[in-house]
Engineer: 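I'd like to ask you about the structure that follows.
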Amino acid sequence: MKFIKLIGLLLFAAAMQGCYYDNEEDLYPESTECDTSDVTYTATIAPLMEANCNSCHSSVSPNAGVITDNYTDLKVIADNGQLWGVVNHESGYSPMPKNQPKLPDCELSKIRKWLDDGAPDN
Ligand code: HEC
């Protein structure tokens, strides 16, 4: 009889353990997931530039002559490696966004994905 109770207790403990891990995944879905499956210029990259870059790199008064607020001009720094160099804080490039922390990993992954796709106008 005691043995049966012990088995029961162990099974209960195992079941609780399962619940604990399930709950943790439900609570923090963002921390483990970065969806780069449908990255596009229009839906992903343009809003990222708007939020982090266009304030200093607009067509009207661009810092360093670098313009990030339209596809044609962004394509120039996408193709010559400057875009990745600055956001990834690579040596030889001025780190961007200027005087601000590096963009979150997921946003960098999305930029990388777009560049790997050939920086398309989509
Ligand atoms: C607060 C203003 C500001 C923001 C925000 C900003 N930049 Fe800059 N950016 C500058 C200035 C000023 C320079 C000139 C170089 C320097 O002072 O570091 C520059 C230079 C650059 C250059 C040329 C760098 C080089 O090494 O030659 C690129 C490319 C660039 N920025 C891209 C971006 C991108 C992409 C973002 C957004 C992720 C961004 N910048 C956000 C101010 C800014």
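Counting starts at 1 for both ligands and their atoms, following the listed order. Positions are given from 1, in the same order as the sequence printed here. Just so it is clear, the values below take in all heavy atoms, side chains as well, and ignore hydrogens, waters and symmetry mates.
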Engineer: Is there a donor-acceptor pair under 3.5 Å between the side chain of N122 and the backbone N or O of Y41?
Structural biologist: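 Judged by distance alone, yes, a pair lies under 3.5 Å.
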Engineer: Atom 8 (Fe) of ligand 1 is nearest to which N, O or S atom of H57?
Structural biologist: NE2
Engineer: To which protein heavy atom is atom 17 (O) of ligand 1 closest, and what is the distance rounded to 0.1 Å?
Structural biologist: K98 NZ, 3.1 Å
Engineer: Has N70 got a side-chain atom pairing as donor or acceptor with T72's backbone, closer than 3.5 angstrom?
Structural biologist: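 At least one qualifying donor-acceptor pair exists.
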Engineer: By number and element, which atoms of ligand 1 are closer than 4.0 Å to a non-hydrogen atom of L83?
Structural biologist: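 By the 4.0 Å cutoff, the relevant atoms are 35 (C).
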Engineer: Check each atom of ligand 1 against the heavy atoms of V87 and keep those under 4.0 Å away; list them by number with element.
Structural biologist: 38 (C)
Engineer: Please classify the C53 to ligand 1 contact at 4.0 Å (heavy-atom distances, strictly less than): side chain, backbone, both or neither.
Structural biologist: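 Both backbone and side chain of C53 come within 4.0 Å of ligand 1.
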Engineer: In terms of residue, atom name and distance, what is the protein heavy atom nearest to atom 4 (C) of ligand 1?
Structural biologist: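 Among all protein heavy atoms, the one nearest atom 4 (C) of ligand 1 is C56 SG, 3.2 Å.
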Engineer: Counting neighbours of CG on N80 that are heavy atoms of other residues, nucleotides or ligands and sit closer than 6.0 Å, is the number greater than 12?
Structural biologist: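 Yes, CG of N80 has more than 12 neighbouring heavy atoms, counting only those of other groups under 6.0 Å.
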Engineer: Decide whether an N or O pair under 3.5 Å exists between S94 and ligand 1.
Structural biologist: yes
Engineer: What pair of heavy atoms forms the shortest contact from L103 to I111, and how long is it?
Structural biologist: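 The answer is CD1-CD1, 4.0 Å.
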Engineer: Could you find the nearest protein heavy atom to atom 22 (C) of ligand 1 and give me its residue, atom name and distance?
Structural biologist: V66 CG2, 3.7 Å
Engineer: Under a 4.0 Å heavy-atom limit, does L48 contact ligand 1 with its side chain, its backbone, both, or neither?
Structural biologist: neither
Engineer: Provide the number and element of each atom of ligand 1 under 4.0 Å from a heavy atom of N52.
Structural biologist: 5 (C), 37 (C), 41 (C)
Engineer: Using modelled atom types only, decide if a donor and an acceptor are shared between the side chain of N63 and the backbone of C56 within a distance under 3.5 Å.
Structural biologist: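 A pair under 3.5 Å: yes.
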Engineer: Out of curiosity, is N99 lining ligand 1, as in a heavy atom under 4.0 Å away?
Structural biologist: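 The answer is no: ligand 1 sits nowhere under 4.0 Å from a heavy atom of N99.
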Engineer: Taking D69 for its side chain and N54 for its backbone only, find out whether a donor-acceptor pair lies under 3.5 Å.
Structural biologist: no
Engineer: Kindly give the heavy-atom pair with the smallest separation between L108 and K102, and that separation in Å.
Structural biologist: CD1-CE, 3.9 Å
Engineer: How many angstroms lie between SG in C53 and CD in Q100, if you round to the nearest 0.5 Å?
Structural biologist: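 That separation rounds to 9.0 Å.
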Engineer: How far does CG of L83 sit from CZ of R112, to the nearest 0.5 angstrom?
Structural biologist: 9.0 Å
Engineer: Please write down residue, atom name and distance for the protein heavy atom closest to atom 24 (C) of ligand 1.
Structural biologist: V86 CG1, 3.8 Å
Engineer: Within ligand 1, which atoms have a heavy atom of Y93 less than 4.0 Å away?
Structural biologist: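 So the atoms of ligand 1 that pass are 26 (O).
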Engineer: Return the residue, atom name and 0.1 Å-rounded distance of the protein heavy atom closest to atom 14 (C) of ligand 1.
Structural biologist: A64 CB, 3.7 Å
Engineer: What atoms in ligand 1 come closer than 4.0 Å to a heavy atom of Q82?
Structural biologist: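 Answer for ligand 1: 23 (C), 25 (C), 27 (O), 29 (C).
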Engineer: Does any N, O or S atom in M96 come within less than 2.8 Å of atom 8 (Fe) of ligand 1?
Structural biologist: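 An N, O or S atom of M96 is closer than 2.8 Å to atom 8 (Fe) of ligand 1, so yes.
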Engineer: Whether the side chain of H57 engages the backbone of T68 through a donor-acceptor N/O pair (distance < 3.5 Å, no angle test) should be reported.
Structural biologist: no
